[in-house]
Amino acid sequence: MINTSTFLCILRRSTVAGAIVAAAVVVGPASANKDPVTPKQLKLYQEAFMEEVRKGDLLFHGDAAMAEQLGVKLSTTGWACAMCHPMASDTHPHAFPKFQQSMAKFATLRDMINWCIEKPNQGEKIDPESEAMKALEAYITWSNTGSVLVPGKY
Amino acid sequence: MSDELDRIRREMHAVLQPPGVRPDDSLQITRRTFIHRSLLFGAASVGQTFAWWPLLNTIDVAHAAEAPFKFAWISDTHLYERSLNTRFVDKVVRAVQEVQAMDPPADFLIFGGDLAQLGKIEELELGVELLKDLKIKKYYIPGEHDWYLDMGKKWGELFGQPNWTFDHKGVRFIGLDTVSRGPDYWTAKKMTPEERMGHMATLDGTVAGAWAGVGREQLDWMQKTLADWDKSKPIVIFSHNPLYEYYPPWNFWVRDWREVNDVLKPYTKVTNIHGHVHQVLYNEIGSMRSIGMLATSWPWPYAPEGVPKLTKPMIRVDPGDHFDGVGWETVNVNADDKVDVEYIMWGRKEVFVQTPEDHDKSIEEVIRPRIADNQYPWANP
């Protein structure tokens, strides 16, 4: 049996808890400062991504103006990435990181990009954090959209 | 591949490859051709294909030659000026020396196009200079890289007519020009010759469109050329592009391949040897066999779809070795009704993959056309 004072205590606590839940529902999103992402914002994010894809596409295809704009020298032989990798074929971004025999190490896609710049292209290695690297990575992964992740697969 | 495209391809295949129609009715049942036949009657999975292929470095093609002979093929040298890229020069020098050293010597050399990379006078002249050391008779067909800077002017001055025919020891040889009839993508966009060449020189570009084709007038010429030729006598046709549909986005085809097939249909011993793809390829369409040749410059990966079922893929190459995955070919026409195409891939005893994992498409990929060349100012309306 529950006596009267216990019942009142439970009622009081429930009321307080209820009030907190109600307040969280009403003011919570505002106090956490989170708004839903608007279609306009989504479009802007996508445009920011596609702009890097475009830059990466140009670099990948040996565009001299874009290389100059981003301050990189990806080749000295006339060779461009796309000459061995049309449509970024055979770059396998979905397989990295993996052991890469040509470098004899566990490598990332960025390591591989720099290896190709230095070896076949005989160009100058780029900063892994540079815009040029991120743009190349953006283009390569974008072009392979839909490929299934198989990390480590050689 | 979309269901629609798949359906169209199946329909085409049914028309072009009706039951019982294969190249060369008089074909000997060799181990390899037996395996080809077994593949034709069942859609073999990749695993099955690899399990069944024999370890041979030659492709057997049946012919009826009057006397045994051999010839050599070099293509896709993609020469830049010597000062810019010496590696491509080194590889042409090596191929020329090796063809020159053949014993017994080759009867002639076919150069299968893309001598130059950007169609420049200096590049084409460098090619002529390097090939000069080869003393046998040489025949040339053009590639798109040779053509679109000056629309074939320099190429014509150096090598003459881009299509030609001759008979040699019971075989009729035909050289086709599959590159010069591209649609005009440059005038409306006011491109400079260098810009026109740049778009053409980008294999995965979207601006130059479906440039590979034989053309009605050349098809008529081919028909006329073959009119007096016995239907059962051997024909070898050289073209830069494959004469069937493999992968149109990279122009691994000629857009009028159905018409080509119509012209060749009555002839039972037709072999097409082509460049452009920089990879080992084998296919059969109707009564024609088709063989893809290596480049000396660099190898292309196989396309993500459309690789003929009958192709046993080449090994995956080491990108750190610029002599890997490339080379040249000899074609031996034997008295016992056989022609062997032998791939000379430098530094490799085994040209073909030995395991499914060694195929460059062992990791499945989905890829899409580029976008940067399809925006202002090159976008199509």
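This structure is a prediction, so every number in the text was calculated from the model and none was measured.
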Report task. Compute whether any side-chain donor of one residue and acceptor of the other, for B:H322 and B:D324, lie under 3.5 angstrom apart. Result -> no
Query raised in the report: Among side-chain atoms of B:D114 and B:H240, is any donor-acceptor pair under 3.5 angstrom?
Result: yes
Checking heavy atoms, do the side chain of [X], its backbone, both or neither come under 4.5 Å from chain A?
X: B:Y302; result: backbone
X: B:P319; result: both
X: B:Q117; result: side chain
X: B:E364; result: backbone
X: B:I367; result: both

Looking at [options], which makes the most heavy-atom pairs under 4.5 Å with chain B?
options: A:S102, A:S89, A:A88; answer: A:S89
options: A:K55, A:H61, A:H85, A:K119; answer: A:H61
options: A:M87, A:H94, A:R54, A:M50; answer: A:M87

Contact origin within [X] toward chain B - heavy atom pairs under 4.5 Å:
X: A:A95; result: side chain
X: A:Y139; result: side chain
X: A:M83; result: both
X: A:Q101; result: neither
X: A:W115; result: side chain

Query raised in the report: Can you tell which of B:K361, B:R316, B:E357 has the highest number of heavy-atom pairs within less than 4.5 Å of chain A?
Result: B:R316
Query raised in the report: Is there a donor-acceptor pair closer than 3.5 Å between any side-chain N or O of A:N144 and the backbone N or O of A:I140?
Result: yes
Query raised in the report: Is NZ or CZ of B:R94 both nearer than 6.0 Å to the six-membered ring centre of B:F323 and within 45° of the ring axis?
Result: yes
Requested in this report: Kindly indicate whether a cation-pi arrangement holds for A:K98 with A:F96, taking the cut-offs as under 6.0 Å to the six-membered ring centre and within 45° of the axis.
Outcome: yes
Output yes when [X] and [Y] qualify as a salt bridge under the 4.0 Å nitrogen-oxygen rule, no when they do not.
X: A:K134; Y: A:E131; result: no
X: B:E195; Y: B:K190; result: no
X: B:K154; Y: B:E125; result: yes

Requested in this report: Would you mind telling me which of B:D146, B:D76, B:I74 makes a side-chain contact (heavy atoms from CB on, under 4.5 Å) with B:L115?
Outcome: B:D146
